*Asks:* 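The structure is given below, and queries will be raised subsequently.
Since we're looking at a predicted model, the values are computed, not measured.
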Amino acid sequence: MADRAALPLGHELEEPYADLFATLPVYEMVTGAIRVQVQVFWLAEQSEPDEGSYCWAYRIRIANDSAHPVQLIERTWHITDTLGREEHVQGAGVVGEQPIIQPGTKFEYTSGAALGTPGGFMRGTYLMRDTTTGTCFDVTIPAFSLDSPFQKALLH
């Protein structure tokens with residue numbers, strides 16, 4: 001499931017789903033001076049419930065409210081499905097990038113997740129590096145639920 005759990009859907013989702021994301025709730029966590037916001041959207045057209053494939057897109061905004069530039073070095077995801085099975089996904093950067101986020105700016109990306117159950121949730125961390133001091137630190141990604149119309153009960 002590791003390959004399916006971190007399916008990058010790329011930036012092309014931004015345009016067709018921009019209006020939908022604008023109406024979705026925002027999950028938010030602030031670690032130090034770094035704010036992470038997540039929005040998630042059920043992808044009915046990419047899901048095949050009869051074959052046990054359920055897909056979601058999520059958009060993440062990372063805002064740097066510190067005085068120094070920071071670089072996103074690594075991501076770690078903890079993905080739990082509705083049966084309680086947990087998967088850990090770790091890798092360099094996000095969507096093929098290790099962005100440097102300048103003070104007072106944001107980095108935004110869209111990616112996706114696929115599960116074999118009709119729901120679950122994700123949480124994680126980013127390993128960041130202050131490019132001025134070289135200090136590395138973890139930033140918490142807020143937990144967010146992966147809800148579909150096929151679940152018996154919502155998880156959030």
*Asks:* Please report the interatomic distance CD(Q90) to CH2(W77), rounded to the nearest 0.5 Å.
*Replies:* 13.0 Å
*Asks:* Answer whether the closest heavy-atom distance between the side chains of I60 and S111 falls below 4.5 Å.
*Replies:* no
*Asks:* Minimum heavy-atom separation for S145 and V40, please, with both atom names.
*Replies:* O-CG1, 3.4 Å
*Asks:* Quick one: sort the Y109 and Y58 rings into parallel, tilted or perpendicular, breaks at 30° and 60°.
*Replies:* perpendicular
*Asks:* Please walk me through it: do D138 and L127 pass side chain to side chain contact (heavy atoms under 4.5 Å, CB included)?
*Replies:* CA-CA 5 Å; D138 286 329; L127 176 63; 3.7 Å; yes
*Asks:* What I'd like to find out is whether the side chain of R35 reaches to under 4.5 Å of the side chain of Q37, using heavy atoms alone.
*Replies:* yes
*Asks:* Looking at Q39 and L24, would you say the former's side chain and the latter's main chain have a donor-acceptor pair under 3.5 Å?
*Replies:* yes
*Asks:* Judged by atom type as modelled, is there a donor-acceptor pair below 3.5 Å linking the side chain of D81 to the main-chain atoms of T117?
*Replies:* no
*Asks:* Going by the side-chain hydrogen bond (donor to acceptor under 3.5 Å, both in side chains) test, name the single residue among H68, Q98, Q71, E74 that passes it with R129.
*Replies:* Q71
*Asks:* Before giving the answer on side chain to side chain contact (heavy atoms under 4.5 Å, CB included), spell out for M128 and I62 the whole-Å C-alpha distance, their side-chain angles and the decisive distance to 0.1 Å.
*Replies:* CA-CA 11 Å; M128 306 289 261; I62 305 165; 4.1 Å; yes
*Asks:* Does the W42 side chain pair with the main chain of D147, one donor and one acceptor, at a distance under 3.5 Å?
*Replies:* no
*Asks:* Can you find a heavy atom in the side chain of Y126 that is under 4.5 Å from one in the side chain of V94?
*Replies:* yes
*Asks:* With under 30° as parallel and over 60° as perpendicular, where do the rings of Y27 and F144 fit, or are they tilted in between?
*Replies:* tilted
*Asks:* Is the backbone of P49 close enough, under 3.5 Å, to the side chain of S47 for a donor and an acceptor to pair up by distance?
*Replies:* no
*Asks:* Look up atom CG in L72 and atom CG in N64, then write down how far apart they are to the nearest 0.5 Å.
*Replies:* 11.0 Å
*Asks:* State, to 0.1 Å, how close V30 and E28 come at their nearest heavy-atom pair, and which atoms those are.
*Replies:* CG2-OE2, 4.3 Å
*Asks:* Given the rule that I, L, V, M, F, W and Y join up when any side-chain heavy atoms are under 4.5 Å apart, are V95 and I79 in one cluster?
*Replies:* yes
*Asks:* Would F137 and T31 count as a side chain to side chain contact (heavy atoms under 4.5 Å, CB included) here? Give the steps.
*Replies:* CA-CA 10 Å; F137 59 97; T31 306; 5.5 Å; no
*Asks:* For P69 versus I100, what's the shortest heavy-atom pair and its separation?
*Replies:* CB-CG2, 4.0 Å
*Asks:* Can you spot which of T133, T132, T131 makes a side-chain hydrogen bond (donor to acceptor under 3.5 Å, both in side chains) with T135?
*Replies:* T133
*Asks:* Do M29 and I101 sit in one hydrophobic cluster, given that two such residues count as connected whenever their side-chain heavy atoms are within less than 4.5 Å of each other, even indirectly?
*Replies:* no
*Asks:* Closest heavy-atom contact between A114 and C55?
*Replies:* CB-SG, 4.0 Å
*Asks:* Considering non-hydrogen atoms only, spot the tightest contact between P118 and S148 and give its length.
*Replies:* O-OG, 2.6 Å
*Asks:* Would the distance check show the side chain of R75 and the main-chain N or O of T125 forming a donor-acceptor pair, the cut-off being under 3.5 Å?
*Replies:* no
*Asks:* Can you measure from NE2 (H78) to CZ (F121) and round to the nearest 0.5 angstrom?
*Replies:* 10.5 Å
*Asks:* Is there side-chain contact between D65 and I34, with at least one heavy-atom pair below 4.5 Å?
*Replies:* no
*Asks:* Strictly distance-based, threshold 3.5 Å: is any side-chain N or O of T140 a donor or acceptor partner for the main-chain N or O of P142?
*Replies:* no
